[in-house]
Asks: 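Please see the structure below; I have some questions.
Just so it is clear, the values below take in all heavy atoms, side chains as well, and ignore hydrogens, waters and symmetry mates. On a predicted model such as this, the values are computed, not experimentally measured, just so you know. The sequence lines fix the lettering, A, B, ..., with proteins before strands; numbering per chain opens at 1.
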2 protein chains.
Amino acid sequence: MVKTDTKTRILDTAERLFAQKGFDAVSLRNIIASAKVNLAAVHYHFGSKQALVHAVIGRRLRPINGERLAKLAEARAKAGRRPVKLERVLECLFLPLFRVQADPKVGPAFSRLIGRVLFDRNANLQKFMMSELDEVIPQFSAALDAALPGLAKEETDWRSHFMAGAMAHTLCNADLLAKFTGTQFDPRGYESTVRRLIDFTAAGFRAKVSPPTRPGKKK
Amino acid sequence: MVKTDTKTRILDTAERLFAQKGFDAVSLRNIIASAKVNLAAVHYHFGSKQALVHAVIGRRLRPINGERLAKLAEARAKAGRRPVKLERVLECLFLPLFRVQADPKVGPAFSRLIGRVLFDRNANLQKFMMSELDEVIPQFSAALDAALPGLAKEETDWRSHFMAGAMAHTLCNADLLAKFTGTQFDPRGYESTVRRLIDFTAAGFRAKVSPPTRPGKKK
DNA sequence: GCCTGATTCAAACATCCGTTTGAATTAAAT
DNA sequence: ATTTAATTCAAACGGATGTTTGAATCAGGC
């Protein structure tokens, strides 16, 4: 096997281009030109562009989600009867996702891609992501609830939503940090990124719930 | 003026459709069909699709950014020599942006749109946004630094980044909250959304900075 | 060798895209 | 009423898109 498989060469190239420009902005012809394969090969191996998108995401996301659940299960086993500590739950959620940035076979491209997906409004893509996350979401939602006793479910949901936004933005736009602020970003240093993200979101989850603003308050 | 201006009808329709499906996924023909105007009218009034996108964003964002700066200046004047409190800074940043959700002339469409823009990788769009924010970013960045004495600039930058992600995700995907968790979302109740967002992000900004993980740590 | 199924290939398909054109229409000014 | 400018309109432009086709090439089993 001197040269890589056609199928995986399509997947690799598509992943890289999708991450750079987005799904809509990259055409199949862009992909096949860069991958040096025939146009029809895409439909032969995947069936459609939509299916290719799903394949690109699923190839990486499935092992990541598996690792997430395994780490959470391990943490739960180690915690015994006590709930897993909030920071540990977040670590199980973030680390497998950010770790691929340091994987030389993957690189930072997929991170940007997966972050972008969380903001995509394409109905098919959303449905696909929901199906990929159908184990992860309830498991981690329950773990967060357990780690935050006394916090109303509605508040936990909102704060999970905020956390997802911070995570997605960090995944796909971490390079903007340099542009806006001058602070450097090193994709190999994913551990410090995750540590900062955990610091921020854990404190956000634990924040005191301030009372609703009274309608009669002075402007 | 029984029927609205062609130009504003294009803007309104484009805003609604862009918010629903994204900039790339909406064609000019989708817009003119829904707005019931001629195709060439878009180029006559705006010049190009790119320019239309900028016009749609700028129309709403310019007043919002003006209001943000005005509120921040007011808060600074009231605080005198002391720095403006963190929660107040965040309120000046969030409130003008989320308030348009309750404006019957605007509705929740623009919120989704502006949240989406923050995640868009289009180079022209990013340049345009940078130019629209060239006053807001340094002003609020300085206010955050002042409200967080003792926090290293690098940490403030990272946490601003997390905050931007939480904000953007809330703006454009708040409706997903219902889908994922069942928690209801009422666009009229933007005040409680902002209050929750402030609670979360303010606590995140104030979080204790945990030390970097030692490389020799056990796996 | 030959056959069979899997894969690659160039070419074409129909459709959609943003943009341009030039004439028709409307509104305002003289 | 006539001239002038602003606006609308149908039609076409060149090019890009995802997808399909049918023949050519390759692989491995008999």
Side-chain angles (χ1 to χ4, degrees), chain A residues 1-59 113 116-117 120-125 127-128, chain B residues 1-59 113 116-117 120-125 127-128:
Chain A
M1 194 228 281
V2 289
K3 77 165 196 174
T4 50
D5 196 22
T6 298
K7 197 167 170 179
T8 63
R9 200 152 72 256
I10 293 174
L11 282 172
D12 290 342
T13 311
E15 175 177 285
R16 182 167 47 83
L17 295 181
F18 284 154
Q20 278 169 16
K21 306 210 164 199
F23 298 114
D24 290 342
V26 174
S27 71
L28 292 183
R29 283 170 176 83
N30 294 148
I31 296 170
I32 63 113
S34 183
K36 297 198 200 314
V37 301
N38 189 271
L39 177 55
V42 177
H43 290 88
Y44 177 77
H45 285 288
F46 300 97
S48 69
K49 185 184 181 182
Q50 184 83 239
L52 171 62
V53 170
H54 293 183
V56 167
I57 299 170
R59 175 176 67 145
L113 192 147
R116 181 196 310 284
V117 170
D120 202 289
R121 300 293 295 187
N122 181 294
N124 282 329
L125 194 52
K127 202 174 293 179
F128 172 75
Chain B
M1 194 229 281
V2 288
K3 77 165 193 173
T4 49
D5 193 24
T6 298
K7 198 169 170 177
T8 62
R9 199 153 72 256
I10 293 174
L11 282 172
D12 289 343
T13 311
E15 176 176 285
R16 181 167 48 81
L17 295 181
F18 284 154
Q20 278 169 17
K21 306 210 164 199
F23 298 114
D24 289 343
V26 174
S27 71
L28 293 183
R29 284 171 174 84
N30 294 149
I31 297 170
I32 62 114
S34 184
K36 295 196 202 313
V37 301
N38 188 272
L39 176 55
V42 177
H43 291 88
Y44 177 78
H45 285 289
F46 299 98
S48 69
K49 185 184 180 180
Q50 183 84 239
L52 171 62
V53 169
H54 292 182
V56 166
I57 299 169
R59 175 174 69 146
L113 192 147
R116 179 194 311 284
V117 170
D120 202 289
R121 301 292 297 185
N122 181 293
N124 282 327
L125 194 54
K127 202 174 292 179
F128 172 75

Asks: What's the CG-P distance between B:N30 and C:dG18, to the nearest Å?
Replies: 8 Å
Asks: Should B:N38 be listed as having a side-chain N or O under 4.0 Å from OP1 or OP2 of D:dA10?
Replies: yes
Asks: Grab the CZ-P distance between A:F46 and C:dT8 for me, whole Å please.
Replies: 11 Å
Asks: Is any side-chain heavy atom of B:K21 closer than 4.5 Å to a side-chain heavy atom of B:N30?
Replies: no
Asks: Verify the contact: side-chain N or O of A:S27 to OP1 or OP2 of D:dA16, cut-off strictly under 4.0 Å; return yes or no.
Replies: no
Asks: Which nucleotide, D:dT21, C:dG18, C:dA11, lies nearest any side-chain atom of B:K49?
Replies: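 Among the listed nucleotides, the one closest to the side chain of B:K49 is C:dG18.
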Asks: Would you kindly give the CD1-to-P distance between A:I32 and C:dC9, to the nearest whole Å?
Replies: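 My rounded result for the distance is 10 Å.
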Asks: Heavy-atom distance under 4.5 Å between the side chains of A:F46 and A:K7, does that happen here?
Replies: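 A:F46 reaches A:K7 side chain to side chain.
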Asks: Within the structure shown, what part of the strands sits under 4.0 Å from B:A41 by heavy-atom distance: base, sugar-phosphate, or nothing?
Replies: nothing
Asks: Would A:R59 and A:D12 pass as an ion pair if we require N to O under 4.0 Å?
Replies: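 Yes, charged N to carboxylate O under 4.0 Å.
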Asks: Using heavy-atom distances to pick each residue's nearest nucleotide on DNA chain C, tell me which of A:R29 and A:V37 is more 5'.
Replies: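 Its nucleotide being nearer the 5' end, the pick is A:V37.
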Asks: Tell me the interatomic distance from B:N124, atom CG, to C:dG18, atom P, rounded to whole angstroms.
Replies: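 Value for this atom pair: 15 Å.
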Asks: Whole Å only: how far is the OH atom of B:Y44 from the P atom of C:dG22?
Replies: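 B:Y44 atom OH is separated from C:dG22 atom P by 17 Å.
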Asks: Quick check on C:dT8: is either OP1 or OP2 less than 4.0 Å from any side-chain nitrogen or oxygen of A:T6?
Replies: yes
Asks: Side chain to side chain contact (heavy atoms under 4.5 Å, CB included) for B:L125 and B:I57? Distances and angles first, verdict last.
Replies: CA-CA 10 Å; B:L125 194 54; B:I57 299 169; 3.6 Å; yes
Asks: What is the distance, rounded to the nearest whole Å, between atom NE2 of B:H43 and atom P of D:dT7?
Replies: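 Atom-to-atom, B:H43 to D:dT7, this comes out as 17 Å.
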Asks: Using a cut-off of less than 4.0 Å, is there contact between a side-chain N or O of A:H45 and OP1 or OP2 of C:dT8?
Replies: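 True: A:H45 side-chain N/O within range (under 4.0 Å) of C:dT8 OP1/OP2.
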Asks: Could you check how far CG of A:L39 sits from P of C:dA10, rounded to whole Å?
Replies: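 Taking CG of A:L39 and P of C:dA10, I get 11 Å after rounding.
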Asks: Take atom CZ of B:R9 and atom P of D:dT7, then tell me their distance rounded to the nearest Å.
Replies: 14 Å
Asks: Do you know which two heavy atoms are closest between B:K49 and B:V26, and how far apart they sit?
Replies: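 Nearest pair, atom of B:K49 first, then B:V26: NZ-O, 2.7 Å.
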